[in-house]
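Before any comments, here is the structure.
Predicted model, so just to flag it, every value in this text is computed and none were measured.
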Amino acid sequence: MSAAIILISESSLSIARRLQNELPEAKIYTRSALPGCIQMGSVQECTGELFPQVKSLIFIGAMGICVRSIAPYIQDKYTDPAVINMDSTGKYVIPVLSGHIGGANELARQIAHLTGGEAVITTQSDRNDLWTLDTLAKTYHWTVYTTEKSLNVPIIAFVNEKPVALLLDIKDRGTDYLERTCPAHVDIYYQFQDIDFDSYELLIAVTPYLYPEVTIPVLYYHPPVLHIGIGCRKDCRPEGVAGYIEEQFRIHHLALAALKDISTIDLKKDEKLLSVLQSSFGDLPVRIYMAEELRPVSVPNPSRKVEEVTSVPGVSEPAAIKSANGGRLILEKQKGSVTKGNEFTFAVAIQQGVLRGKGHVEIVGAGPGDPELVSVRGRRFLENADLILYAGSLVPVELTWYAKEGATVISSASMDLEEQFKWMKEFYDKGLLVVRLHTGDPCIYGAIQEQMAFFDQYQMSYHITPGISSFQAAAAALRSQFTIPEKVQTIILTRGEGRTPMPEKEKLSLLARSQSTMCIFLSAGIVEEVQRELLEHYPAETPVAACYKLTWKDERIYTGKLKDLANIIKENQLTLTTMIVVGEAIGNRQGLSRLYATEFSHLFR
């Protein structure tokens, strides 16, 4: 059972049922026999039975009863359930036990949202708007370790705002959060040797490395960014190999806790060594690669003997690099043998894109046009970018106003691919952040294929942040559900055949056979041909919409019948930034208001 609701004040049964609807598998316990509830004897006896079984206990009623009931059973914040107490009206929701580790603080906020009440959080880090060090690891999938006897030692130093050095060896979603929300008593460093430890009382290190002992407490967070590749002789004996590798990690100052996976070639997939290493290193996933997948990977230590057996010039190095998505080796091939008959090799690579000192390219989908429809992540990249290269007249310039002071913002409208690459490579080679800002969702007619091939060629770190597509904006603007039960269950995203030829099997006339909801991009200039092909299978009276500059300030939308589509486009002089939508799903509803409440209309302007 994930949650138990102990209803002390039975007048609040409706609140308890509301919580039960939102919390999976939650059960309600009451002293009286009530429908859908479990009748309990005394509150304290019930609490004693539930305490070791549930993840969270929610008391509705007087705080004193809650405290007296749980007191005999409290043991440790790492094992005790989250305990919440709320008053009978749901106005005040108070985490009583296991605020951070058990999740009581977060649960209190969730419950307060359900009841319209207030979460009364009393832990110091929350009151002072500080990081919750004991939950960071869980939030960002890091492993946590401290040089002190208890995690409380660094936590107390931090919440009491003692001077703290924060060492960030890598960059990921978690380190991005730490940089953005860094408190005044924390100084950020990117090199261990730059830290003057006499000036600090705590070191927090987000790193895959292990450092020499220092004179102050250290709180390590190890992100899973290391990938180990394994090669071995046939029927390799696994005894002692895990211990040998663990010792080599210590010698080379690598944290075993930062390992993400184990990989090898398919020829070795049944070796017992793999399963032994997997269980020894915390049930890490094992990746198996075919020889043809590893063959293209360049390695520093090729072996002719290995190539004769496996058809690839190495196993451990290319397997590690492949799992790291092209990341570099931080530990080249190591040969090991604990006893005769268990010869093996291993290599370690670090995940592509996490090392600092290297640049990064983020391909960001701008959304359909309205600057407020860019994703939260996309906006964050725009705010931190050193170069924003945006798609000219296709992307509203207002989106670039998120740029920080000193950033370079350039339109690519007049550039060929070579010029675009030159700009991006120049900033990337300086270790800076580049945002390539595309329209809508860049994965739909985004022209990013050639750019990604370039990034791959130069082994550049890049990632895609998707955006809202204009077809989604069209559905919203038309107030239509593009899928209708038992009528239309398919949405087709396509384009007409203009200068870019269409594959024979994707001709509009063939796609039209399904009479699905069809969203046609980039085709206003060839609308007569589009209309002709659609009419081969869609009825002439099928609803259509011509949507020009969706969500832009000068958005225009025209609706009508398929037989009039070409006239609608021409008479209104609609251009390339027009999406054509066809299908019975447009406006398909009965008795629903087409108006939104006027008191909220300002939110849509």
Side-chain angles (χ1 to χ4, degrees), residues 366-370 373 391-397 411 413-414 438-441 444-447 468-482 488 490-504 506-589 594:
D370 185 338
L373 288 179
S393 59
L394 300 176
V395 173
V397 69
S411 168
S414 62
H438 280 266
T439 56
D441 186 337
I444 304 175
Y445 302 111
I468 296 172
S469 172
S470 53
F471 89 87
Q472 296 166 301
L478 293 167
R479 295 178 191 163
S480 296
Q481 179 178 307
F482 280 178
V488 180
T490 302
I491 303 170
I492 295 175
L493 310 180
T494 189
R495 62 178 296 172
E497 185 169 31
R499 287 180 297 177
T500 303
M502 291 292 287
E504 191 62 36
E506 294 182 19
K507 300 286 187 182
L508 276 181
S509 57
L510 298 179
L511 298 178
R513 289 176 178 176
S514 68
Q515 295 188 22
S516 306
T517 302
M518 193 179 294
C519 301
I520 305 170
F521 293 72
L522 307 170
S523 301
I526 53 170
V527 65
E528 295 96 336
E529 179 60 21
V530 167
Q531 178 178 297
R532 186 191 65 75
E533 291 194 61
L534 294 176
L535 282 170
E536 290 186 29
H537 294 285
Y538 285 97
E541 298 298 312
T542 302
V544 294
C547 307
Y548 173 76
K549 285 197 171 182
L550 284 158
T551 78
W552 292 49
K553 291 178 181 178
D554 50 348
E555 172 190 283
R556 287 184 284 152
I557 297 175
Y558 303 90
T559 58
K561 305 298 182 183
L562 177 56
K563 61 185 177 64
D564 302 316
L565 176 61
N567 287 335
I568 292 172
I569 296 285
K570 288 184 174 181
E571 288 174 4
N572 293 288
Q573 299 179 331
L574 304 184
T575 58
L576 294 175
T577 50
T578 300
M579 165 165 288
I580 298 169
V581 184
V582 58
E584 288 294 330
I586 298 174
N588 191 298
R589 59 197 183 280
R594 293 173 178 265

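- Listed for the Thr542 side chain is no donor-acceptor partner under 3.5 Å among the backbone atoms of Ala540.
- Within 6.0 Å of atom CG in Leu510, more than 12 heavy atoms from other residues, nucleotides or ligands are found, so the atom counts as buried in its surroundings.
- Judged by distance alone, with hydrogens and angles left aside, the side-chain atoms of Gln472 form a donor-acceptor pair with the main-chain N or O of Ser469 at under 3.5 Å.
- Looking at every heavy atom in both residues, Val581 comes nearest to Ile586 through O-CD1, 3.5 Å.
- Pro396 and Gly369 get closest at one heavy-atom pair: CG-O, 3.0 Å.
- Annotation for Ser470 and Pro368: closest pair CA-CB, 4.2 Å, computed over non-hydrogen atoms.
- Taking 4.5 Å as the limit, some side-chain heavy atom of Leu534 sits within range of a side-chain heavy atom of Met518.
- Side-chain atoms of Thr517 come within 3.5 Å of backbone N or O of Phe482 as a donor-acceptor pair.
- Contact record, Glu506 with Met502: O-CE, 3.5 Å, taken as the closest heavy-atom pair.
- In this structure, OG in Ser411 is found 9.0 Å from CG in Leu394, a value given to the nearest 0.5 Å.
- How far OH of Tyr558 is from CG of Leu565: 13.5 Å, rounded to the nearest 0.5 Å.
- A distance-only check finds a donor-acceptor pair linking the side chain of Gln531 to the backbone of Ala566 [under 3.5 Å].
- The nearest pair of heavy atoms linking Leu493 to Tyr445 is O-OH, 4.0 Å.
- A donor-acceptor pair under 3.5 Å links the side-chain atoms of Tyr538 to the main chain of Ser516, judged by distance alone.
- Side-chain atoms of Trp552 do not come within 3.5 Å of backbone N or O of Val395 as any donor-acceptor pair.
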inquiry  = With side-chain contact (heavy atoms from CB on, under 4.5 Å) as the criterion, how do Phe521 and Met579 come out once you've worked through the C-alpha distance, each side chain's angles and the decisive distance to 0.1 Å?
reply    = CA-CA 5 Å; Phe521 293 72; Met579 165 165 288; 3.2 Å; yes
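- A donor-acceptor contact shorter than 3.5 Å links the side chain of Arg556 to the backbone of Asn572.
- Using modelled atom types, one side-chain atom of Ser480 and one backbone atom of Gly587 make a donor-acceptor pair closer than 3.5 Å.
- Annotation: the span from Thr559 atom OG1 to Lys561 atom NZ amounts to 8.5 Å, rounded to 0.5 Å.
- Residues Leu574 and Ile568 share a closest heavy-atom pair of CD1-O, 4.5 Å.
- In this structure, CD1 in Ile526 is found 7.5 Å from CG in Leu508, a value given to the nearest 0.5 Å.
- Between Ser514 atom OG and His537 atom NE2 the span is 9.5 Å, to the nearest 0.5 Å.
- For the atom pair OG1 (Thr578) and CG (Leu550), the distance works out to 8.5 Å, reported to the nearest 0.5 Å.
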task = Show the numbers, then the answer: is there a side-chain contact (heavy atoms from CB on, under 4.5 Å) between Gln515 and Glu584?
result = CA-CA 8 Å; Gln515 295 188 22; Glu584 288 294 330; 6.0 Å; no
